[in-house]
Each structure stands twice: as structure tokens, then as C-alpha cells.
Amino acid sequence: MSRLLMLAAVLLALPVLAVLGAWVALDAAGIEALRHQWQTVLPQYALNSLLLALAVGLGVAVVGGGTALLVTLFDFPLRRTFEWALLLPLAMPAYVLAYATTDALQYSGALQMALRAATGATGALWPDVRSLWGAALLFVFCLYPYVYLLTRAALVERAVQLMEAARLLGAGTSRRVRKVALPLARPAIAAGVALALMETLADYGVGSYYGLQTFTTGIYKAWLVMNDSNAAAQLASTLLFVIAVLLWLERRARRRLRFAGSAVTPAASNEAKPIGLTGIRAALAFAACAAPVALGFVLPVLVLLRLLGQELASADAHFPLARFARSATVSVELAAIAALLAALLAAAFLFALRTRPSLSLRWAVRVISLGYAVPGAVIAVGVLIPLTWLQQRMPQWSASALVTGTVFGVLYAYQVRFSAVALQSLEAGYARIPPSVDETARMLGVSRWRILLELHVPLLRRATLASLLLVFVDVMKELPATLLLRPFNSDTLAVVAYQLARDERLGEAALPSLAIVLVGLVPVVLLSRAIRR
């Protein structure tokens, strides 16, 4: 079993190794192509990606950290509602938000037309939303929940009590926030910003729809337009290096989160309460929390519903319900199979590591855990590179036919990317099972398989369901890898929504977009319930 697990770990790490191997196999032609990239597109890719990352990082830190401070430390109208409502944009994929905001804010959109009719103004009332700064604002309102969630978790146990102690020592409100709350929240804010930047740099749907020149759009252009696998691999490896740095920063910040642990007694916790706000301060706090929820979830959903209603009410509309049903079926089937495979794989690794730990298995688990940080574009290129190499040297083999344009290839890419999600969920479940349970069973002569089936499986039921749900939702929203590897005539809801929006058929794109958002709401609801408990 250990050998099979090590083989599985190698297969899951193969796409990343293939991307990095593009630098090892660099020949004279590859060096010339790399020099050409440096002289033409690479500076623009790097500059746009850097500016986008800086703007998004600053924005999510301010919006996510600020709203977490407000709902944790202060009391104002609807504060308890905002505690869970601020998580709603997590259900909104960035590319879906891009379709909705573009329709609402563009020159021919309903908002500008209404304002021009009311004011008599002519021309555009604001710059085109399809720009680098428009994409940055979009990512801020879509990804700030990463910062909000981690910051609130870091503050909820100790911040209120320590601010109460600072108040008793004579410190004012602003000084308590600056000297007590912000230092406690700094590691969580850094971790959340790193996660948001990883999502930003890995995005393809928004960059392609807005016409941005970033690393991810450059990878697709190099592979699909210029048919240059080496250039795509070099761009992918550069993006992978940046993601690795962000992942290291995020883990470093998370290691410091443990210092926010609480040793406060229940009595002291009940005595310390959030600071009550009234008047203009309460109104400002309410507005600061309502704005990201409205812009990141409520208004986009209303825009999509309006587009869907217009499309259904149109006399000459030809709504592709059959295509939508087929895509929904494909999406659900792929997501269900990928979730089941990821959960089984994660359970096998963790059970082997728990019962027969070894250094090789421990490193294998760490390698798989890195998969979620790898962008879908990098995984897709990493899957295709070794198959292309093999096909060129062994044309009599049809290995590439097993992966390229097949369900197997898509599921393989999903396992590389999302096995880490199942692994983290089941690892948390195993952490709650004391090792003494296994030891007692072994002393009674119970075999390893009976321990797994009769002890671990019942105790891991919740963790397993959570892992299945999280992987299912992530696969439903996945776009980049699916675009490159999907079989013909087997589009998912994400691919259909992207293709229709790219063709400016936003009314038809509204239905698959809303379906993706609806599915994404499930983990958000469960997460908010868990936080409240």
C-alpha cells in the first residue's frame, strides 16, 4: 500500500515537476524564445501582475481587516447579521462578478443610462470598468472575505478582553485599536492577503474577459495561440515561483496566529463586551460593512437576475436550456467523482501516516498539500508538457489521448489541484481522534482494516462530508484547467458562462452563473454556522 501511495504522490507532483523541468531542458531555441519574451511581453506581464497584486493586497487588507475589526470590537445596528453576511462574496466566483459588474457599469449599462437621463450629461460618466484598476476593485470585493475570516478568528478570543483591560488602564478607543487590536490582527491580515493574492494571480476568467496582459493570460496565449509549449512552461514556472513565495509568507504568518490563543476565563469573557457605537459613528460602521456585501454579492446577484429575466421575457430569445441542462449534468458528475476520489485519496494517505508513519509518507502528504496553491493554468500546462514530450518521441503510443480532451485528464488535474482541500479537512478530523483509541484497539488484537472501518470511518463522518462538499464546490467553480483539458462537447457550467460572456451574451450567461453562485452558497452557510457555534 505504501508503494501505491508513493506512486500516487509522484503522479500528483508530476505536473509541477514538468513545469519546472522546462528550465532544465532549455536549449538554444528555448534561450532565444526566452530572450524574445524578455524583450516583448514579459515586462508587461510582470508589471500588470505586480500592479494588480499591490492594489488587491492593499484593498483586501483595508476592507477585510477593517470589517473584521468593526464586527468584533464594536456594537452597531445589524452587527450580528454582518458577521455572516460579510462571508457571502466567497460564493461569487471572480469571473461571474466581472460579467455582472461590467453589464451594470459599462457605458451602455442601465446605471449610466439612467444617470445620463436624469442629469442630462453626455459621454461616459466614469472610466471603462474593463481595465486593470477595474479588475483590482473587483478582486477586492470578491476576495476580502479571506482577510475578514482569518482576522476575525484571530481577534474573537482575546481582542475584546485585552481592549477592555487597556480601557481600564486609561487608553482611548483609537489608541486601543492601534496598540492592541491591530498588532493581534497583523499575522491574520498577512495570511489573508497572501491567500487573496494567490487567487488573483491564478485567475484567468477576469483577465481574459477584461483583456488584461497578466501571467495567466500569457500562459494560455503562449500555449493555444502561439503553440509554444516552452514559452508557456517558462511563464508558468515564473508564476509558480511567485505563488510559492506567497505560500511561504502565508504559512509564516499563520505560525504566529497561535499567539492569539486565549487563556481568558469564561467569566472574564462574559464581562468584556464590544464597544457600543451611536449616532454618526454607528452609521459609518453600518455603511462600511454594508458596502462590500452589496458590491460583492447583492448587486451582482440582482444584475444576473435582471439579465436572466430579460432573456426569458424576450420574444426572439433562444435560451439554450438543453445546453444548460447538459452542462449542469457534466458539472455535477465531474464534481461528484472528483470529490469522491479526493476524499478517498486523502483518507488513504492519512490512515497510512497514522498507522505506519514514515518520512517518505510525511513528505508525500506535504507535496500533495501544496497542490491547492498551484494555479489551474500551471497544472494544465504541467499535465500537457510530459504527454507532448512522450508523444513526440513515441508516436506509436497514444498516451496523450488518455489525458488530452478526456474526462480522465480533467479528473487528474482536479486531483492535483484539490486533493489538498480534502487532505486538510480530514487531517483536522484525525487531529480530534486521540492516538490512544488506536492503541487500545491494537492491544485487543484488532486489525488495521477493522480500526479503519469500525473506528475511523464513524469518527470521521463529519470531516469526510466537509471534504466532499468543499472539493465539490471548488470543482464547480474551476475554469482554467477545465478550459484546456475538457472533452469536446462536455462543457461545465463555468466554461459555458465564460464562453457566453466572452461573446457578450450576458443574458444567456446569467443562468449558469447563478447556478455556480447557488452551489457556492452551501459552504458559506455551513462556515457561518460553524463560526457562530
Side-chain angles (χ1 to χ4, degrees), residues 90-100 142 199 202-206 208-209 300-301 304-305 307-308 311 319-344 372 375-377 379-380 383 403-419 421-422 465-503 505-526:
L90 278 178
M92 182 73 63
Y95 52 85
V96 173
L97 185 60
Y99 310 153
C142 187
E199 292 288 339
D203 173 79
Y204 172 73
V206 176
S208 176
Y209 188 60
V301 169
L304 292 173
L305 289 173
L307 290 171
L308 180 60
E311 185 67 24
F319 204 79
L321 291 177
R323 183 185 181 187
F324 170 77
R326 184 171 61 253
S327 300
T329 302
V330 170
S331 298
V332 171
E333 289 176 350
L334 287 176
I337 296 172
L340 182 61
L341 290 176
L344 291 174
Y372 192 63
I379 292 174
V383 169
V403 177
T404 307
T406 65
V407 173
F408 175 79
V410 177
L411 291 174
Y412 175 44
Y414 290 160
Q415 295 310 302
V416 176
R417 180 119 161 72
F418 300 121
S419 290
V421 178
L465 290 175
S467 67
L468 290 170
L469 176 64
L470 291 173
V471 176
F472 184 90
V473 173
D474 278 335
V475 171
M476 290 285 291
K477 296 191 293 185
E478 170 62 29
L479 177 63
T482 311
L483 271 175
L484 277 179
L485 299 174
R486 73 190 189 281
F488 294 108
N489 297 322
S490 297
D491 295 335
T492 63
L493 288 175
V495 173
V496 170
Y498 165 75
Q499 291 176 337
L500 292 174
R502 182 190 58 189
D503 297 337
R505 297 158 65 185
L506 294 178
E508 297 176 31
L511 184 58
S513 299
L514 285 170
I516 296 171
V517 173
L518 185 63
V519 172
L521 277 176
V522 178
V524 172
V525 172
L526 295 179

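What you see is a predicted model, and the numbers here were worked out from it, not measured in a lab.
Between Ile516 and Pro93, the shortest heavy-atom distance links the atoms CG2-CG, 3.5 Å. Annotation for Val524 and Ala91: closest pair CG2-N, 3.9 Å, computed over non-hydrogen atoms. Of all non-hydrogen atoms in Ala335 and Val475, the two that sit nearest each other are CA-CG1, 3.6 Å. Minimum heavy-atom separation, Ala510 to Leu304: CB-O, 3.4 Å. Residue Tyr99 comes nearest to Ser513 through the heavy atom pair CD1-OG, 3.9 Å, listed as atom of the first residue, atom of the second, then distance. The two residues Ala422 and Ala342 make their nearest non-hydrogen contact at CB-O, 3.6 Å.
Leu341 is not listed as a side-chain neighbour of Tyr414, based on a closest heavy-atom distance of 4.5 Å or more. Leu465 has its side chain out of reach of Leu469: every pair of non-hydrogen atoms, C-beta onward, lies at least 4.5 Å apart. Contact annotation: the side chain of Val496 never approaches that of Phe324 to less than 4.5 Å [non-hydrogen atoms, C-beta and beyond]. The shortest distance between side-chain heavy atoms of Arg502 and Ser208 does not fall below 4.5 Å. Under the 4.5 Å side-chain criterion, counting only non-hydrogen atoms from C-beta, Pro512 is not in contact with Val495. Residues Leu307 and Glu508 have side chains not in contact (no heavy-atom distance under 4.5 Å, counting atoms from C-beta outward).
Among residues two or more places apart in sequence or in another chain, the side-chain hydrogen bond (donor to acceptor under 3.5 Å, both in side chains) test is passed with Thr492 by none. For Ser467, there are no side-chain hydrogen bond (donor to acceptor under 3.5 Å, both in side chains) partners two or more places apart in sequence or in a different chain.
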List the steps and the verdict of side-chain contact (heavy atoms from CB on, under 4.5 Å) for Tyr95 and Tyr204.
CA-CA 8 Å; Tyr95 52 85; Tyr204 172 73; over 6 Å; no

So Leu493 and Lys477, side-chain contact (heavy atoms from CB on, under 4.5 Å) or not? Walk me through it.
CA-CA 8 Å; Leu493 288 175; Lys477 296 191 293 185; over 6 Å; no

Audit row: Val471, Leu340, side-chain contact (heavy atoms from CB on, under 4.5 Å) steps and yes/no
CA-CA 9 Å; Val471 176; Leu340 182 61; over 6 Å; no

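Note on residues 490-499: pairs passing salt bridge (Lys or Arg N to Asp or Glu O under 4.0 Å), not counting sequence neighbours, are Arg323-Asp491, Arg486-Asp491.
Rounded to the nearest 0.5 angstrom, Cys142 SG and Asp203 CG are separated by 8.5 Å. Leu521 CG to Leu90 CG: the interatomic distance, rounded to the nearest 0.5 Å, is 10.0 Å.
With Glu478 contributing its side chain and Ala481 its backbone, the two residues share a donor-acceptor pair below 3.5 Å.
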